Amino acid sequence: MSKTKVKTFSKEILKQAIVDSFKKFNPKFLIKNPVIFVVEIGFVLTLLLTINPNLFGKVEDTDIRLYNGIISFILFITVAFANFAESIAEGRGKAQADTLKKTRQHTKANLLRNGKIEVVDAGVLKKGDIVVVNTGELIPNDGTVIEGIASVDESAITGESAPVVKEAGGDFSSVTGGTRVVSDKITVEISVSAGESFLDKMINLVEGAERQKTPNEIALNTLLVGLTIIFLYVIVTLFPLGVYVGVKLPLSTLIALLVCLIPTTIGGLLSAIGIAGMDRVNKFNVLAMSGKAVENCGDINTIILDKTGTITYGNRLASDFYPVENISKDDLIKYAVLCSMEDLTPEGRSIVELGKKLGFTADEKLLKNAEVIEFSAQTKTSGIDLADGTKIRKGAGSSITKFVENNNGKVPVDLKDIVDSISKQGGTPLVVAAGNKVYGVIYLKDTVKAGLKERFDKIRKMGIKTIMCTGDNPLTAETIAREAGIDEFIAECTPEQKIEAIKKEQSMGKLVAMTGDGTNDAPALAQADVGIAMGGLGSDAAIEAADVVLMTDEPSKLVDAIEVAKATKQIVMQNIVIALGIKSVFLILGALGIAGMWEAVFGDVGV
């Protein structure tokens with residue numbers, strides 16, 4: 001799967017944000033933010049006074065035009081900065097859906113037309129078209145296998161690591177666009193019309209997801225609006241009071257005083273602290289996409305985690321060897337390692353590595369002139385034929401049983417019990433045979449990442465609940481959840497159910513973080529208050545939809561991010577108090593005649 005270099009802001013987002021920040025000067029947009037809307041009104045009035053100082057009455061001061069111009073420029077910068085920050089956030093939201101669209105648009109298809117292959121863009125395919133998909137190619141759109149049998153890697157869509165065998169007829173004939181054929185070749189009939197594919201549904205889910213405001217945001221917005229109304233009332237009463245006592249206050253001065261009084265700088269202050277928090281979490285190989293994401297990490301109550309690639313490594317690795325009756329474990333290890341020496345898959349390498357840990361090292365001379373048998377979805381086996389005629393195979397239980405019986409061998413009576421036992425533990429059984437004799441079973445296990453249980457214990461002590469979502473059956477899900485120290489789990493979980501789980505927690509007033517790495521996780525990442533993606537294993541869509549990216553693919557880094565976020569939250573509150581305190585001091589000094597207008601501007605901007 002292709003990876004993109006993760007950046008906080010891309011050039012395209014920045015360029016578009018600059019354009020959008022000017023479009024947002026439209027009062028229809030700014031009315032939603034009362035504080036900045038008041039500033040914009042002030043900007044328009046001071047701009048008019050710069051053009052015509054006598055617009056609202058004759059003014060004696062000859063330097064008032066320059067004074068009005070400076071005030072107008074300061075107000076313009078204030079509004080532009082607020083619009084720019086909002087446009088950046090909106091630009092990232094649009095990029096999430098754009099990445100999914102590119103996945104669909106950049107896929108090529110081998111369209112079978114009149115008996116000839118024609119390479120076309122996947123976007124032009126329509127329902128009923130026939131395409132041929134070879135080893136290593138992406139399936140261009142949702143469809144049904146009408147010819148052939150192949151192993152299909154669906155990890156980018158489902159998040160599950162084990163390839164799935166797809167063949168014509170039966171329950172395993174449907175395929176999904178965006179998945180990859182890893183062995184053999186299949187012919188697929190496209191079964192959906194334009195706009196109805198799995199990827200299209202993902203795009204709609206991402207575009208329809210809405211982030212909730214944090215309690216801090218809601219409280220702060222209420223505070224800002226309240227203070228704005230109070231100070232607006234104060235400034236409005238100053239003009240008639242000035243006339244009453246014989247002091248004529250220029251309108252631009254009253255506007256500047258209002259802007260200095262209302263808490264316009266607190267928003268910028270929070271952003272600056274957020275950026276500092278982003279830098280701090282970056283030291284732990286955690287990339288936060290915004291200051292808001294850092295703040296939200298400190299407030300989360302629930303973490304929902306996708307299993308594959310997040311909790312587990314996503315590869316089925318050898319965990320143990322189980323010999324059948326009357327077979328020694330050493331003999332099983334010997335043949336398991338021999339038939340895996342030339343197997344370059346993660347499973348094959350793990351078998352050789354586990355054999356070494358248990359004290360067995362294969363004699364490489366035995367591999368001289370040997371014939372390697374690659375895995376095939378047709379046989380569901382792989383192995384090696386040694387020069388002395390010995391045929392060693394490993395694979396699915398049913399396939400190895402057939403192999404042994406075809407060679408006039410007998411299947412051990414306890415083989416089925418061993419295979420069933422491993423399956424019940426959530427593992428994958430890989431049966432090993434040499435010649436016409438079964439030697440035992442290799443236990444392949446989707447391994448839980450090291451140190452997770454201790455980290456999740458620490459998260460639990462912070463009062464945060466953990467929930468695991470997985471497409472596995474309930475028995476496998478329970479086994480993984482118990483080993484990883486997860487509080488709850490949702491088995492056989494679909495993308496829609498992930499979103500439902502997030503919304504359920506949010507409906508109870510909780511802030512929810514979601515971690516994931518697959519394309520199917522993108523909508524849930526967008527719906528969560530904090531979307532967390534794996535930087536190395538994560539699909540482009542998951543990374544684009546996330547607020548936080550764990551660069552080392554270690555969910556244990558969540559603890560570091562949460563601790564930094566909580567510390568950042570404390571700094572935010574401290575600085576809000578300091579900012580309001582300084583404004584109060586300058587308000588008092590101004591009322592006493594000690595501080596003038598420029599001191600007030602310094603007090604506002606300098607904070």
Side-chain angles (χ1 to χ4, degrees), residues 1 151-165 179-180 182 304-322 336 340 343-355 357 375 380 382 394-397 418-431 441-456 466-486 488-494 498 515-521 533-534 536-539 542 550 552-556:
M1 184 184 298
S151 288
V152 178
D153 178 7
E154 296 185 328
S155 59
I157 299 297
T158 65
E160 302 305 322
S161 57
V164 179
V165 175
T179 57
R180 188 181 300 276
V182 295
I304 297 178
L305 307 103
D306 181 58
K307 188 205 78 174
T308 305
T310 305
I311 296 174
T312 63
Y313 286 105
N315 290 324
R316 299 170 302 159
L317 305 179
S319 176
D320 205 350
F321 298 98
Y322 290 86
S340 303
D343 185 349
L344 300 181
T345 64
E347 292 91 341
R349 291 196 296 268
S350 71
I351 292 170
V352 175
E353 188 64 29
L354 181 60
K357 288 182 180 179
F375 175 82
K380 299 180 184 177
S382 64
K394 68 176 187 289
I418 297 174
V419 169
D420 290 345
S421 175
I422 291 175
S423 298
K424 289 179 180 179
Q425 295 177 58
T428 301
L430 206 61
V431 182
V441 186
I442 305 170
Y443 178 11
L444 296 182
K445 181 181 177 184
D446 195 359
T447 310
V448 173
K449 293 182 178 180
L452 272 192
K453 188 173 181 62
E454 293 75 15
R455 288 286 184 164
F456 285 141
T466 53
I467 302 173
M468 181 184 76
C469 290
T470 177
D472 290 334
N473 60 66
L475 189 59
T476 300
E478 183 181 4
T479 301
I480 297 294
R482 183 172 59 252
E483 186 174 346
I486 301 292
E488 299 177 11
F489 65 88
I490 303 174
E492 299 176 348
C493 188
T494 64
K498 291 178 183 178
T515 69
D517 64 334
T519 301
N520 67 315
D521 297 321
M534 304 293 112
L537 293 174
S539 67
L550 306 182
T552 58
D553 292 335
E554 289 295 335
S556 59

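Atom set for the values below is all heavy atoms of this structure, side chains included, hydrogens, waters and symmetry mates excluded. A quick note: this is a predicted structure, and the numbers were derived from the prediction, not measured.
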Residue pair [X] / [Y]: nearest heavy atoms and the distance that separates them:
X	Y	value
D521	G516	OD2-CA, 3.5 Å
T466	G485	OG1-O, 4.3 Å
V182	D153	CG1-CB, 3.6 Å
V431	G397	CG2-CA, 3.6 Å
F375	S151	CE2-OG, 3.2 Å

Does a side-chain heavy-atom distance below 4.5 Å link C469 with I304?
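Answer yes - side chains close enough.
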Heavy-atom check, side chain of D446 versus side chain of K307, under 4.5 Å:
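D446 vs K307: side chains touch.
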Considering residues at least two apart in sequence or located in another chain, which fulfil the salt bridge (charged side-chain N to carboxylate O under 4.0 Å, His left out) criterion with [X]?
X	result
E488	K465
R349	none
E478	R482

Could you state the interatomic distance from CG (L444) to CD1 (I422), rounded to the nearest 0.5 Å?
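If I round to the nearest 0.5 Å, the distance is 8.5 Å.
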At what distance, to the nearest 0.5 angstrom, does CG of L317 lie from NZ of K445?
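The distance works out to 10.5 Å.
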Sequence-distant partners of [X], side chain to side chain contact (heavy atoms under 4.5 Å, CB included), two or more places apart:
X	value
D320	Y322, K329, Y443
L354	A318, F321, L358
A477	M468, T470, F489, A491
V448	I311, T312, L452, I480, E483, A484

Partner set under side chain to side chain donor-acceptor pair (under 3.5 Å) for S423, not counting sequence neighbours
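Side chain to side chain donor-acceptor pair (under 3.5 Å) list for S423, sorted by chain: empty.
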Sequence neighbours excluded, which residues qualify as side chain to side chain donor-acceptor pair (under 3.5 Å) partners of S340?
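S340 satisfies side chain to side chain donor-acceptor pair (under 3.5 Å) with K394 once adjacent residues are dropped.
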Considering residues, nucleotides and ligands other than K380, do more than 12 of their heavy atoms fall under 6.0 Å from its NZ?
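No.
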